[in-house]
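First the structure, in the form of C-alpha cells, and then the observations on it.
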Amino acid sequence: MSKHSRPSGRRVFGVLLASVSLALIGACGGDDSDSGSDSEALQELGENEGQVSILTWPGYVEDGSNDPEVDWVTPFEQETGCEVTSKVYGTSDEAFNLAKTGEYDVIAASGDLSLRLVAADEAAPVNTDLVSNYDGIFDFLKDTEWNSVDGVNYGIPHGYGANLLMFNTDVVQPEPTSWSAVFDDASKYKGKVTAYDSPIYIADAALYLMKHNPELEIENPYALDEDQLAAAVDLLKAQRENIGEYWSDYLKQISAFETGDSVVGTSWQVIVNSLDSANIKAILPEEGSTAWNDTWMLSSQAENVNCAYAWMDYIVSPKANATATEYFGEAPNSEAACAETVNPDHCEIFHAGDEAFSEQLWYWRTPIAECLDGRTDVECTDYSQWTAAWTEIKG
Amino acid sequence: MTAEPQEMAASRTPGAAISAFLSRRPWVRLTALLSVPLLWLVLVYVVALAALLVTALWTTDSFTGEIDKTWSLDNIETVLTTALYRTVTLRTLGLAVLVTLIDVTIALPIAFFMAKVASRRTQRILVVAVLTPLWASYLVKAYAWRSVLSGGGLFEWLGQPFDVQSPGYGMTALVITEAYLWLPFVILPIYAGFDRVPDSLLEASGDLGGSGPQTLRWVVMPMIVPAVVAGAIFSFSLTLGDYIAVNIVGGTNQLLGNLVYTNVGAANNLPLAAAIALIPIAIMIVFLTAVRRTGALENL
C-alpha cells in the first residue's frame with residue numbers, strides 16, 4: 001500500500017467529523033411552525049376540491065365496504081365530485097392525536113374531544129349560513145357548550161345517544177336493569193365483564209356512585225373533586241378483578257361477545273346491530289348513562305374546505321342523517337330526519353328531540369380543573385389526572 | 001505511464017470526470033462514502049435516543065396537548081417513584097425472562113436435531129418449517145392465538161377429553177403467544193451454532209470415553225453459548241418492547257409498551273411516554289453489559 005492511501009488517525013477523525021456534519025445538515029430540515037389558525041369563518045364557498053378526508057367514529061362514514069347495503073358516501077361523491085377517504089378511531093384521545101396531524105379536513109367529535117380541538121387551535125370556526133341544512137336541526141343541539149366557544153360556532157350537530165349496558169342473555173340472568181351488573185354484582189361474571197378502555201370511562205363509575213352513594217355528593221360525573229375521583233377509582237379497581245378484557249376497538253368487542261369471552265359490559269348500539277344475535281341484548285339502565293353528542297368539525301388545517309362544507313351539509317341533510325344515525329343507533333339531529341328513518345319508531349326509541357330525556361344523559365365532556373358543575377369552593381380533577389388514574393386502575 | 005494522457009481521456013464524460021476527481025482526492029471519496037451510513041446511524045439511533053431523553057424532560061398541557069418545553073425531572077421522578085411503573089416493569093421483565101427461558105428450552109433440542117441428527121433432506125425441510133411462520137403477519141399469528149384460546153376455541157376443544165380448560169386471556173395466554181411468536185428467532189441462531197460444531201469433535205470426545213451428556217456439557221455447550229445468547233437477546237428484547245399481542249391476548253394486563261402506547265396515543269403525554277421508554281432501554285443496557293461480561297458477544 002502506498003503512503004498516500006493510508007490515512008492517519010487524525011485524518012480519519014477529520015473525515016468522520018465532516019461526514020457527521022454533512023449528515024446533520026441533511027437531518028436538520030425546516031421546522032414548520034404553524035402560524036395560528038385565523039379565527040374568521042369562511043364567508044363564501046368556492047369550487048369543490050375533488051376530495052375530502054374525514055376522521056370519524058366507526059359507522060358514521062359508510063361507503064359500502066363494510067356492508068354493501070350500507071352506503072351513503074357514494075351518493076355524496078356522485079353529487080359533489082368530492083372523493084371521500086375516511087379514517088375510523090376508537091377513542092376521543094386517539095382522534096385528538098390523529099386530528100393534530102392535519103391530515104383530515106372534517107372530524108366527527110364527541111363532547112370530550114370538541115373543546116380540546118378548539119383549545120388546541122385544531123378546529124376552525126364554521127359558518128353555519130353555508131350549511132343549508134343547519135336550519136332544520138333541533139334548537140337544543142345548537143350553540144351548546146361543546147360546539148360553541150364565546151359565541152363562535154365550531155361545528156354542526158350530528159346525533160346523540162347513550163352508552164348501553166350490553167349482555168348475553170344465556171349467561172346473564174335475571175336480565176339486569178342497573179349498571180350494578182358491571183360494578184357491585186360483577187363478581188357473578190368474573191373474567192367475562194368488559195369495560196371501555198378510556199379514562200372517560202371513569203365517568204360511568206362516577207355516575208353509578210352519584211345514584212348509589214349520595215353521601216359523595218357527586219352532581220356531575222365529569223366534575224369530580226379528589227375524594228370523589230378516589231371513590232370512583234376504588235370502584236373501578238374492584239371492577240377490574242372481574243374484567244376479562246377492556247375494549248376500545250369495537251371489532252374486538254364484537255368478537256369477544258361472539259365467542260362468549262365477554263358476557264356483560266358497556267357498549268354501543270352499533271355493536272349490538274353488528275352482532276345481530278338473539279342472545280345479545282342492550283339496555284339503557286335505570287341510572288341513566290353517559291352518552292355522546294357528536295359534532296362535525298372543520299379542521300383548522302383543512303386543505304379541502306369546500307368539500308368539507310359540502311360533506312357537513314350532506315351528512316346533516318335529513319335523508320343522510322337519518323340513514324347514518326339509524327345505522328349507528330343514535331338519535332338523529334332533526335325532525336325532518338325522523339321522517340326519513342326506515343323504522344318509523346326510530347326517533348321514539350332513541351328519544352330524538354326529547355329535551356327532557358336528553359337532559360338525563362351525561363354527554364361526554366373533558367373534565368377540567370374548573371368544576372363543570374359550578375362548584376367554586378374546590379378544584380376538580382382534570383383529564384390528565386383521570387388519565388393517570390386510569391393507568392393506575394388497570395395496574 | 002504518466003498521469004496526463006489518463007486525465008485527458010477521463011475528462012471526456014462527466015462520470016469519468018467525477019471518478020478522476022475522486023481518485024485524486026481520497027478524503028472527499030471517503031467522506032462521501034461514509035455520509036450515508038453515518039446519516040442513517042446518527043439519525044435513526046443517536047438523534048432518536050437523544051430526542052427521547054430530551055422529550056422525557058418536558059411536560060404536557062393536559063387540555064390542549066401542547067408540549068411545554070421547560071426542563072423538569074417530574075416525569076422521570078414519576079416513573080421512578082410510582083408503584084404502578086414498578087409493578088408493570090417487574091411484570092414485563094418477568095414475562096421477557098420466562099419467554100426467553102421457554103424459547104431456549106424448546107429451541108435447544110430442535111436445533112440440535114436439525115444440525116446433528118437429521119439427514120440433509122430432513123434438515124432442509126425443518127429449516128423451511130421453522131422459517132414458514134415468519135411469512136405470516138405478526139397480527140395474523142396473534143389473532144390466531146386469540147381465537148385458539150377463546151371460549152369454545154381449539155385449545156378448549158382439544159383439552160376437553162383431558163378436562164383441560166383454556167387459560168383465557170391473560171398472562172398465561174400472553175406467555176404462550178410470545179413464546180410462539182419469537183421461537184424462530186431463537187431456533188435459527190442456535191441451529192447455526194450447532195452447525196458450526198465439527199462432528200469430528202463429538203467423535204473425538206466419544207473416542208476418549210465421554211458419554212453423551214458429558215460431550216454435550218463439556219464440548220458442545222461452550223461452543224454454542226454465543227448462539228444461545230444471540231437467540232436470547234432476540235426473544236428478550238422483542239418481548240420487552242411488545243404491546244400489540246398484549247392487547248390481543250393479554251386480557252387486562254399492561255406491559256411497559258402499553259404504558260408508552262397509552263401515553264402517546266390516548267393520554268397524549270409524549271414526555272411521560274419518553275420517560276417510560278427509558279426503562280426498557282436501561283434494562284437492555286444492563287442485560288447487554290451482563291452478556292458482554294460473559295464474553296459471549298465477542299464470539300457472535
Side-chain angles (χ1 to χ4, degrees), chain A residues 4-5 7 11-12 14-20 22-24 26-27 91-94 96-98 100 115-122 191-192 195 197-199 240-241 243-246 248-249 252 255-256 258-262 366 368-369 382-388 390-392 394-395, chain B residues 24 26-43 46-47 59-66 78 82-85 87-88 91 143 146-147 149-153 166 168-170 247-254 258-259 262-270 272 276:
Chain A
H4 279 277
S5 57
R11 293 192 109 176
V12 166
V15 167
L16 281 178
L17 204 68
S19 311
V20 170
L22 257 186
L24 282 179
T91 63
S92 291
D93 312 299
E94 193 187 336
F96 186 58
N97 281 318
L98 288 168
K100 289 200 342 187
L115 290 188
R116 289 167 75 193
L117 286 175
V118 175
D121 266 343
E122 289 298 329
K192 299 199 177 257
D197 190 359
S198 165
R240 184 186 179 271
E241 304 295 315
I243 296 272
E245 62 179 6
Y246 293 96
S248 61
D249 174 355
K252 196 172 124 185
S255 94
E258 261 170 0
T259 56
D261 290 316
S262 298
T366 307
I368 48 176
D382 67 13
Y383 197 64
S384 72
Q385 283 163 291
W386 282 40
T387 313
W390 185 246
T391 36
E392 190 196 318
K394 288 176 71 190
Chain B
R24 273 177 286 123
W27 309 118
V28 179
R29 196 174 62 210
L30 198 56
T31 307
L33 208 66
L34 281 181
S35 287
V36 174
L38 266 177
L39 178 81
W40 175 258
L41 198 74
V42 168
L43 260 192
V46 183
V47 171
T59 47
T60 307
D61 181 315
S62 63
F63 189 60
T64 61
E66 302 295 329
T78 311
T82 316
L84 166 75
Y85 299 110
T87 322
V88 176
R91 183 185 298 141
Y143 271 105
R146 183 179 164 85
S147 68
L149 295 169
S150 79
S166 165
Y169 305 135
N247 271 337
I248 298 173
V249 295
T252 56
N253 291 292
Q254 301 186 102
N258 298 85
L259 291 182
T262 16
N263 274 299
V264 175
N268 191 35
N269 192 342
L270 214 54
L272 184 59
I276 299 170

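Values below: all heavy atoms of this structure, side chains included; hydrogens, waters and symmetry mates excluded. Chain letters run A, B, ... following the sequence lines, proteins first, then strands; residues in each count from 1.
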Drop me the distance from [X]'s [atom1] to [Y]'s [atom2], to the nearest 0.5 angstrom.
X: Asn269(B); Y: Asp93(A); atom1: CG; atom2: CG; answer: 11.5 Å
X: Asn247(B); Y: Asp249(A); atom1: CG; atom2: CG; answer: 9.0 Å
X: Lys252(A); Y: Ile248(B); atom1: NZ; atom2: CD1; answer: 7.5 Å

What part of Thr252(B) gets within 4.5 angstrom of chain A, counting heavy atoms only: side chain, backbone, both, or neither?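 Both backbone and side chain.
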Using modelled atom types and a 3.5 Å cut-off, is there a donor and acceptor pairing between side-chain atoms of Glu245(A) and backbone atoms of Gly250(B)?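 No; judged by distance alone, with no hydrogens or angles, the pair does not exist.
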Is it the backbone or the side chain of Ala256(A) that comes under 4.5 Å from a heavy atom of chain B, or both, or neither?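 The answer is both parts of Ala256(A).
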Testing the basics here: between Gly395(A) and Gln254(B), what is the closest heavy-atom pair and its distance to 0.1 Å?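 Answer, listing the atom of Gly395(A) first, then Gln254(B): O-NE2, 3.3 Å.
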Least distance between heavy atoms, Asp261(A) atom then Ser150(B) atom: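 The answer is OD2-CB, 3.1 Å.
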Look at Asp197(A), Thr391(A), Val118(A) and state which one has the largest set of heavy-atom pairs under 4.5 Å with chain B.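 Heavy-atom pairs under 4.5 Å are most numerous for Thr391(A).
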